[in-house]
Chemist: 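Here you go, one structure.
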Number of protein chains: 2
Amino acid sequence: MRIRPGGQVTLADVARESGVSPATASRALHGGGGRVVGQDLRERIVEVARRLHYVPNAHAQALAGGSTATVGLVVHDITDPYFAAIARGVIAVAAERGALVTVGTTFRSMERELEFVRTFRAQRADAIVLAGSGFEDADYRAAMREELDHQRRTGGGCAVVSEHDLPVPTVLPGNREGAAGLGRALVAMGHRRFAVAGGPPCLTTVRHRIEGFLDALAACGVPLCDVELLDHPFSEDGGRAAARELLDRGSRATALFCVSDVMALGALDVLAAAGVAVPDDLSVVGYNDVPMMRRLVPAVSTVRLDLEAMGRSAMELAVDHGSADAPVVRFPAEVVLRASTAPPAAVPAREGGR
Amino acid sequence: MRIRPGGQVTLADVARESGVSPATASRALHGGGGRVVGQDLRERIVEVARRLHYVPNAHAQALAGGSTATVGLVVHDITDPYFAAIARGVIAVAAERGALVTVGTTFRSMERELEFVRTFRAQRADAIVLAGSGFEDADYRAAMREELDHQRRTGGGCAVVSEHDLPVPTVLPGNREGAAGLGRALVAMGHRRFAVAGGPPCLTTVRHRIEGFLDALAACGVPLCDVELLDHPFSEDGGRAAARELLDRGSRATALFCVSDVMALGALDVLAAAGVAVPDDLSVVGYNDVPMMRRLVPAVSTVRLDLEAMGRSAMELAVDHGSADAPVVRFPAEVVLRASTAPPAAVPAREGGR
DNA sequence: CACCAGGGGGAAAGCGCTTTCCACCCGGCG
DNA sequence: CGCCGGGTGGAAAGCGCTTTCCCCCTGGTG
């Protein structure tokens, strides 16, 4: 990035032009220090500042001890409606409290996530919110734990959305329960052979949803060896790839559980193109209930999470809790059955290939 | 926001612990000043820094003359896929250049938009990108012009997406042309009576799209007095309200032009609930071609804009152009006709009410 | 009339870092 | 053997702002 040269109007300029000291100018403009500046003097200084187009240097203010009013938000991908909704909640609460939100986009890279946290710490962010799923990696987890630990120890706040196994304030969406509910619902419909389109198992959220789903199936007496696990990226393209694998291997599954709505979207594209009828040939379910799901035809069964509220909650937890406590706020998951699920056809055999 | 107390590890701590001066410590860690620190000494200092969990204070660095590597992005609403896509482009380019993006969400308030720009200036952002439509307000425009002027004059960059009538680098989506194309396409299909669901006319983008549409109709010989203008907020709810008004007044329009896809989404909801068949009873079109539109049933006709590329371009313009020039990069709009549009039925009379 | 309280302003000390400008130590050269 | 120049480390001057002291002036009080 280019280096900003000087040439800015400084407080000293305003002071000189007004014939007062920088101290007085600061007090007049910022009203600070519990001190009062004479009415007329202040008005004159404010007028001069306006005339000179004075803009205080936020870095200098922060350095000199003022508050920074900045929060760092880490997401995997801001175009994913899941993160957009959470971000909206975070931003709303931050705005209420007069803080600005800086967004770091990791594209699901552990390294980048850590780097963003470090950058936010360098900026002395008042709070850091991790919106994405954690990674199942010991090194990552230790490093992140240390970062957040220091963040809190030095008076900053932080919070995470989703299970991170970190001793910090946590917003916990119902991943296991929701997936389990979905599993039970599908079994109740008569399904016995399942496929699961999961993102990389290194994402905690993915693991929990899959485990919840499988546990429920097992509890219902479905032999897990019949469940096909399709391991593909946690994205729309990943969903597409999963569906293609399903078709290629000539799967006999009657229901496909995609661990996120965006994956379901991708899968549905491929299935439609291949002429697979949903739900007649295959029931498809997603997770999160992003706004699009209810509008598709057939409308997609999924699990509803109040994402914006989760974002709000995370932001509140981050700023309201000292380093001592690490509360966990659970958000319930609600199974929403729509037209993309139906009892399996009597003769569910299907040709593979594409 | 809480005020961060000190208690942080500073460069001086690292220097003392390593038995060197702050100057040497700075050079060792940051490699700066075109100067070299002895190999072994540097390693020792780096090691000490790591052991102490030293995190440089970005504000101090910025103040002392280092670069800030920050860009400010102003959007109306980050959950709107239109802005999310643009944001993605901006963030991608910023990341390539090692900069962080701070997002300000205005919820379509002129005051907030100006305030964000001032805040970004205070942060000495390297670049400021305005992603949302400008407002048709002389005071706003003068104020914004002055802010951006100073931003550039002091070495910062800036760029706007959409028409702002500002002498700064501009990314110009084809609003008039796209809307005109849509209008011609509808007329060619046989439509003669139209309704337009527009956001508030104070948004330049809205005005241009409506004007482009009406101009095309007029050019095709459609009497404009027959065109019903529905003035509602530029949002999904606004689209809903527009559709309700359409129904309430027992409109005889055969085609509805929504100035944005999200408005179309809201309108389609209401129309579906009211039993209006699309496109048989009413053709509906949107604008922007956000990903959802092609998946709806019927798939929605709209105008495609490469939003992410627009974001990338805006970011590039912002950082690559000094205060002298104000290039304009045009992005073509492409009419995409899908199933939501069809020739009007022979007997288009329809009952109003709801 | 001396004294004190308090309002209003200024001087100056940082905040943590970068970056000149110096000082020093060596080896090499005339 | 005196000098010079390159390679290294340190001292110190800010960057622009806030805030603690400190000072002065005014006016009320004993």
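What you are looking at is a predicted structure, and each value in this text was computed from that prediction instead of being measured. Lettering follows sequence order; numbering is per chain, from 1.
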Chemist: So, does A:H53 use its side chain to make a donor-acceptor pair with the main chain of B:E147 at under 3.5 Å?
Modeler: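 No, the answer is negative, given that no donor and acceptor are paired below the 3.5 Å cut-off.
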Chemist: Could you walk me through whether A:R88 and B:T79 pass side-chain hydrogen bond (donor to acceptor under 3.5 Å, both in side chains), step by step?
Modeler: CA-CA 7 Å; A:R88 188 184 226 248; B:T79 53; 3.0 Å; yes
Chemist: Taking N and O atoms by type only, does the side chain of A:R27 place a donor or acceptor under 3.5 Å from a partner on the base of C:dG8?
Modeler: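 No, the side chain and the base share no sub-3.5 Å donor-acceptor pair.
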Chemist: To the nearest angstrom, how far is A:R124 atom CZ from C:dC15 atom P?
Modeler: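 Computing the A:R124:CZ to C:dC15:P distance gives 13 Å.
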Chemist: Rounded to whole angstroms, how far apart are OH on B:Y54 and C1' on C:dG16?
Modeler: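 After rounding, the reported distance stands at 7 Å.
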Chemist: Any side-chain to backbone donor/acceptor pair from A:T10 onto A:A12? Under 3.5 Å, distance only.
Modeler: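 Flag set: sc A:T10 to bb A:A12 pair under 3.5 Å.
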Chemist: Counting distance only, does the side-chain N/O of B:H59 pair as donor-acceptor with the main-chain N or O of A:Q123 below 3.5 Å?
Modeler: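 Indeed, once roles are kept as given, a pair shorter than 3.5 Å links the two residues.
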Chemist: Where the side chain of B:A23 is defined as all heavy atoms beyond and including C-beta, which of C:dA11, D:dT18, D:dA12 is the nearest nucleotide?
Modeler: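 So the side chain of B:A23 is nearest to D:dA12.
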Chemist: Do the side chains of B:R50 and B:E47 get close enough for a salt bridge, i.e. N-O under 4.0 angstrom?
Modeler: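 So B:R50 pairs with B:E47 through a salt bridge.
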Chemist: What integer distance in Å separates A:Q8:CD from D:dG14:P?
Modeler: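 Rounded to whole Å, this separation is 20 Å.
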Chemist: What is the distance, rounded to the nearest whole Å, between atom NE2 of A:H59 and atom C1' of C:dC17?
Modeler: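 Rounded to the whole Å, the gap is 13 Å.
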Chemist: Hey, is the side chain of B:S21 poking within less than 4.0 Å of OP1 or OP2 on D:dA11, counting only N and O atoms?
Modeler: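 Looking at the OP1 and OP2 atoms of D:dA11, neither is under 4.0 Å from any side-chain N or O of B:S21.
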Chemist: Taking the side chain of A:L63 as its heavy atoms from C-beta onward, which of D:dT19, D:dG9, C:dC15 lies nearest to it?
Modeler: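 For A:L63, the side-chain atoms sit closest to C:dC15.
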Chemist: I'd like to know whether CZ of A:R145 has more than 12 heavy-atom contacts from other residues, nucleotides or ligands below 6.0 angstrom.
Modeler: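 Check fails, neighbour count at 12 or below.
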Chemist: Do B:E113 and B:M144 come close enough that some side-chain heavy atom pair is under 4.5 Å?
Modeler: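 Yes; the side chains approach each other to less than 4.5 Å.
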Chemist: Between D:dC17, D:dC21, C:dG16, which nucleotide gets closest to the side-chain atoms of A:A60?
Modeler: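 Nearest to the side chain of A:A60 among the choices is D:dC17.
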Chemist: Could you tell me how far apart A:R16 (CZ) and D:dC17 (P) are, to the nearest whole angstrom?
Modeler: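 Going from CZ in A:R16 over to P in D:dC17 covers 12 Å.
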Chemist: Report the nucleotide, chosen from C:dT19, D:dC17, C:dG10, that has the shortest atom-to-atom distance to any side-chain atom of A:V20.
Modeler: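 For A:V20, the side-chain atoms sit closest to C:dG10.
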Chemist: Examine C:dC17: is either OP1 or OP2 under 4.0 Å from a nitrogen or oxygen in the side chain of B:Q61? Give yes or no.
Modeler: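 Looking at the OP1 and OP2 atoms of C:dC17, neither is under 4.0 Å from any side-chain N or O of B:Q61.
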Chemist: Taking only side-chain nitrogens and oxygens of B:S26, does any of them come within less than 4.0 Å of OP1 or OP2 of C:dC17?
Modeler: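 B:S26 to C:dC17 OP1/OP2: no side-chain N or O under 4.0 Å.
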Chemist: Starting from P on D:dG14, measure out to CG on A:N57 and report it in whole angstrom.
Modeler: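 Taking CG of A:N57 and P of D:dG14, I get 18 Å after rounding.
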Chemist: Considering only heavy atoms, which members of residues 38-52 of chain A lie under 4.0 Å from some atom of DNA chain C?
Modeler: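 Of all residues in residues 38-52 of chain A, the ones placing a heavy atom under 4.0 Å from DNA chain C are A:G38, A:L41.
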Chemist: Take the protein atom CG of A:L29 and the nucleotide atom C1' of D:dT18, then report the distance between them rounded to whole Å.
Modeler: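 After rounding, the gap between these two atoms is 12 Å.
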Chemist: Quick one: A:L11 CG to D:dT18 P, roughly how many Å, whole number?
Modeler: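 To the nearest whole Å, that distance equals 6 Å.
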